[in-house]
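The model shown is predicted, which means the values in this text are computed figures rather than measured ones. For ligands, and for the atoms within them, numbers begin at 1 and follow the listed sequence.
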Amino acid sequence: MTERTTETPRHPAPVVVVAGALYDRGRLLAARRSAPADLAGRWELPGGKLEPGEGPEEALVRELREELGVEVEPGERIPGEWPLKPGYVLRVWTARLLSGEPRPLEDHDELRWLSRSELDSVDWLDQDRPAVAEAGLRLPER
Ligand code: CDP
């Protein structure tokens with residue numbers, strides 16, 4: 001039998017994808033993915049992968065700046081963690097729009113601000129639905 005000299009973890013730490021429940025004036029931002037093909041046309045909370053050494057709130061601020069061209073202030077984490085493709089998990093933070101008007105600069109082809117009563121009006125990615133429900137409960141009045 002060969003000795004193992006280096007330990008390979010059976011379950012390496014998953015890649016964390018951070019997404020934002022972005023609020024402005026009592027509405028939540030929904031973003032329609034333009035790629036990859038199997039996700040295109042479905043709606044999500046915008047975000048992306050944590051980079052090495054980056055904190056989740058820091059990653060959220062960076063991703064929303066890159067994808068939407070806005071500055072945001074992260075708020076609380078929405079409790080829970082949702083599996084994406086194997087090796088990836090989704091974590092969601094609330095965030096408040098500080099400046100800029102979101103534009104679909106990267107990854108999306110349409111954006112929509114939804115009031116509480118409109119939350120079910122778009123075809124959310126399955127993995128985002130629990131977080132969207134929680135985000136709706138936390139939607140500020142204005
Ligand atoms: O921008 P970056 O390449 O870092 O990440 P991304 O491509 O936006 O997201 C990484 C993965 O997480 C993709 O498979 C997305 O579909 C998924 N994702 C998701 O399922 N729900 C979200 N709210 C955000 C990302």
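Under the 4.0 Å criterion applied to side-chain N and carboxylate O atoms, Glu141 and Arg116 are assigned as salt-bridge partners.
More than 12 heavy atoms of other residues, nucleotides or ligands lie within 6.0 Å of CG in Asp123, so this atom counts as buried by the packing criterion.
Here the side chains of Pro102 and Val70 are in contact, with some heavy-atom distance below 4.5 Å. Residues Val16 and Pro56 form no side-chain contact, since every pair of their non-hydrogen atoms from C-beta on lies 4.5 Å or further apart.
By the side chain to side chain donor-acceptor pair (under 3.5 Å) test, Asp126 pairs with Arg42, sequence neighbours left out.
Closer than 4.0 angstrom to ligand 1 lie heavy atoms from Val17, Ala19, Arg33, Leu39, Glu44, Leu45, Gly47, Gly48, Lys49, Glu63, Glu67, Leu84, Lys85, Leu90, Asp107, Leu125, Gln127, Asp128.
For the residue pair Glu118 and Ser121, no side-chain donor N or O sits within less than 3.5 Å of a side-chain acceptor on the partner.
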